[in-house]
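Reviewing the structure listed below.
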Amino acid sequence: MRKKHLDLHQRVLNAAASQEVENVKAQHTYYHGRADAYGEWHNIWSHDPWCSWGHIFGRMRGWDQVWKGSVTSYDNMAMQNSLNVQKFYPEIGGLDPRPLMEASVHTLFTDIIEVADDGKSARGSFITPGVIFCRLNRHQYPYCNVLWERYGSDFVLEKGKWVYLHEQVCPDIMGKLDMTNFAHDDYERLTAPEEKGIGPVTLGEDPDVTDPGPLHLPYSVIMPPQNTVPWPEPYETLDNDHSYTPVKTFAELQAE
């Protein structure tokens with residue numbers, strides 16, 4: 001076993017760290033479930049200038065860009081939704097607009113967590129099958145999006161507390177439930193996007209990013225396998241070779 005080169009004290013610390021990291025990921029599911037972006041990025045994220053968060057549309061880098069895209073813009077969508085919905089459901093007045101916007105139900109399993117030999121960072125790979133749904137919207141019609149996603153997450157130990165540093169979300173499967181024929185729509189998007197007026201996969205108004213996407217695309221029958229966030233291997237310390245967000249930008253890496 002590779003960890004035998006570590007002394008017993010460090011092995012115990014790393015084992016405990018893996019449990020702490022798993023708990024941080026569980027807290028994410030709670031915050032995301034009630035659309036509390038502020039709670040998540042305020043409580044369980046590092047404010048380090050190297051922090052990052054990415055999805056289909058690309059990767060946000062740096063605390064200011066991440067906060068603007070993941071909290072400011074997200075809360076703005078929640079407020080706009082609340083103002084629109086109040087016209088039809090005035091009884092929601094005074095309620096927190098964030099959990100009224102959507103409910104994200106993501107279960108987590110098959111987690112693979114590696115803690116660095118130096119005990120200062122950890123890397124995790126997770127699969128999350130789930131749904132994002134809402135009933136209170138201006139269309140007055142139930143909405144549900146089915147998602148199977150993979151997460152590639154880097155965590156760091158700051159002042160005795162484990163927090164996120166990087167995360168790349170990879171939606172392997174996604175489609176709207178009971179609203180459209182998403183399989184047929186995707187076929188048209190892939191085979192004749194100009195003809196059908198169907199553009200690339202997006203998540204509404206995409207935020208400003210440093211590394212433009214698409215960084216990962218949902219499954220289709222004509223797409224080769226993507227290994228965007230491979231599970232972590234044992235490593236000594238968090239560096240450019242062992243991170244879900246390399247120091248170099250995506251464009252710089254592509255140019256090499």
Side-chain angles (χ1 to χ4, degrees), residues 21 24-25 28 31-32 37-38 40-42 44-77 104 106 112 114 116 121-128 132 145 147-156 158 163-174 189-190 193 199-220 223-233 235 237-256:
V21 164
V24 173
K25 177 60 75 173
H28 154 76
Y31 286 123
H32 192 35
Y38 172 83
E40 173 169 349
W41 268 268
H42 180 71
I44 60 174
W45 270 81
S46 169
H47 297 189
D48 189 281
W50 193 31
C51 73
S52 69
W53 193 85
H55 208 282
I56 290 175
F57 50 78
R59 182 184 293 115
M60 297 174 280
R61 289 178 181 258
W63 178 247
D64 291 344
Q65 192 176 71
V66 171
W67 185 267
K68 179 183 177 183
S70 296
V71 179
T72 305
S73 297
Y74 196 69
D75 283 356
N76 180 59
M77 288 192 299
S104 302
H106 285 298
I112 301 173
E114 282 286 347
S121 68
R123 308 186 64 220
S125 174
F126 306 83
I127 294 178
T128 168
I132 298 179
N145 199 14
L147 290 168
W148 279 70
E149 294 179 325
R150 279 182 290 159
Y151 293 97
S153 311
D154 295 327
F155 305 86
V156 289
E158 290 186 350
V163 290
Y164 277 101
L165 182 64
H166 307 134
E167 182 160 80
Q168 179 65 46
V169 182
C170 299
D172 285 330
I173 303 172
M174 60 187 300
R189 178 181 65 82
L190 293 166
V201 175
T202 64
L203 296 177
E205 186 177 344
D206 294 339
D208 295 332
V209 297
T210 299
D211 303 337
L215 298 184
H216 188 91
L217 289 173
Y219 168 80
S220 78
M223 183 183 66
Q226 301 170 100
N227 196 23
T228 312
V229 288
W231 62 68
E233 301 289 346
Y235 70 109
T237 190
L238 193 66
D239 56 24
N240 202 46
D241 295 323
H242 302 92
S243 171
Y244 287 112
T245 296
V247 176
K248 293 183 179 181
T249 65
F250 181 74
E252 289 172 334
L253 291 171
Q254 290 292 97
E256 291 181 351

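Computed over heavy atoms, backbone and side chain alike; hydrogens, waters and symmetry mates excluded. Residues: numbered from 1 along the sequence shown.
The closest side-chain heavy-atom distance from Cys170 to Gln226 is not below 4.5 Å. Within the 4.5 Å cutoff, no side-chain heavy atoms of Ile173 are placed close to those of Pro218. Put simply, the side chain of His55 reaches to within 4.5 Å of the side chain of Pro171, judged on heavy atoms. For the pair Arg123 and Val229, the minimum side-chain heavy-atom distance is 4.5 Å or more. Side-chain contact between Leu147 and Met174: present, with at least one pair of heavy atoms (C-beta onward) separated by less than 4.5 Å.
By the 30° and 60° cut-offs, the orientation of the rings of Trp67 relative to Trp63 is tilted. Note: His42 and His47 have tilted aromatic rings, judged against thresholds of 30 and 60 degrees for the angle between ring planes.
Checked against ring-ring contact (aromatic ring centres under 6.0 Å, His included), Trp148 has no partners two or more places apart in sequence or in another chain. Under the side-chain hydrogen bond (donor to acceptor under 3.5 Å, both in side chains) criterion, Glu158 pairs with Ser46, not counting sequence neighbours. Taking the side-chain hydrogen bond (donor to acceptor under 3.5 Å, both in side chains) definition, one finds that Thr237 meets it with Asp118, sequence neighbours left out. Remark: Ser73 engages no residue in a side chain to side chain contact (heavy atoms under 4.5 Å, CB included) (not counting sequence neighbours). In terms of the side chain to side chain contact (heavy atoms under 4.5 Å, CB included) criterion, Asp64 has no residue partners (sequence neighbours excluded). Trp50 pairs by the ring-ring contact (aromatic ring centres under 6.0 Å, His included) definition with His166, not counting sequence neighbours. In terms of the salt bridge (Lys or Arg N to Asp or Glu O under 4.0 Å) criterion, Asp48 has no residue partners (sequence neighbours excluded). Under the ring-ring contact (aromatic ring centres under 6.0 Å, His included) criterion, Phe126 pairs with no residue at all, not counting sequence neighbours. In this view, Tyr151 and His28 satisfy the side-chain hydrogen bond (donor to acceptor under 3.5 Å, both in side chains) rule, not counting sequence neighbours. Taking the salt bridge (Lys or Arg N to Asp or Glu O under 4.0 Å) definition, one finds that Asp239 meets it with nothing, sequence neighbours left out. For Glu149, the salt bridge (Lys or Arg N to Asp or Glu O under 4.0 Å) criterion is met by no residue, not counting sequence neighbours. Residues forming a side-chain hydrogen bond (donor to acceptor under 3.5 Å, both in side chains) with Ser153 (at least two apart in sequence, or on another chain): Lys25, Glu167.
Residues Ile56 and His216 come closest through the heavy atom pair CG1-O, 3.6 Å. Considering all non-hydrogen atoms of both residues, Ala37 and Val71 come closest at O-CG2, 3.8 Å.
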Worked check of side chain to side chain donor-acceptor pair (under 3.5 Å) between Asp154 and His242: CA-CA 9 Å; Asp154 295 327; His242 302 92; over 6 Å; no
Audit row: Thr245, Gln168, side-chain contact (heavy atoms from CB on, under 4.5 Å) steps and yes/no: CA-CA 8 Å; Thr245 296; Gln168 179 65 46; 5.9 Å; no
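For the pair Tyr244 (side chain) and Pro230 (backbone), a donor-acceptor distance under 3.5 Å is present. Side chain of Glu114 to main chain of Tyr235: no donor-acceptor pair is present (N/O by atom type, distance under 3.5 Å, no hydrogens or angles).
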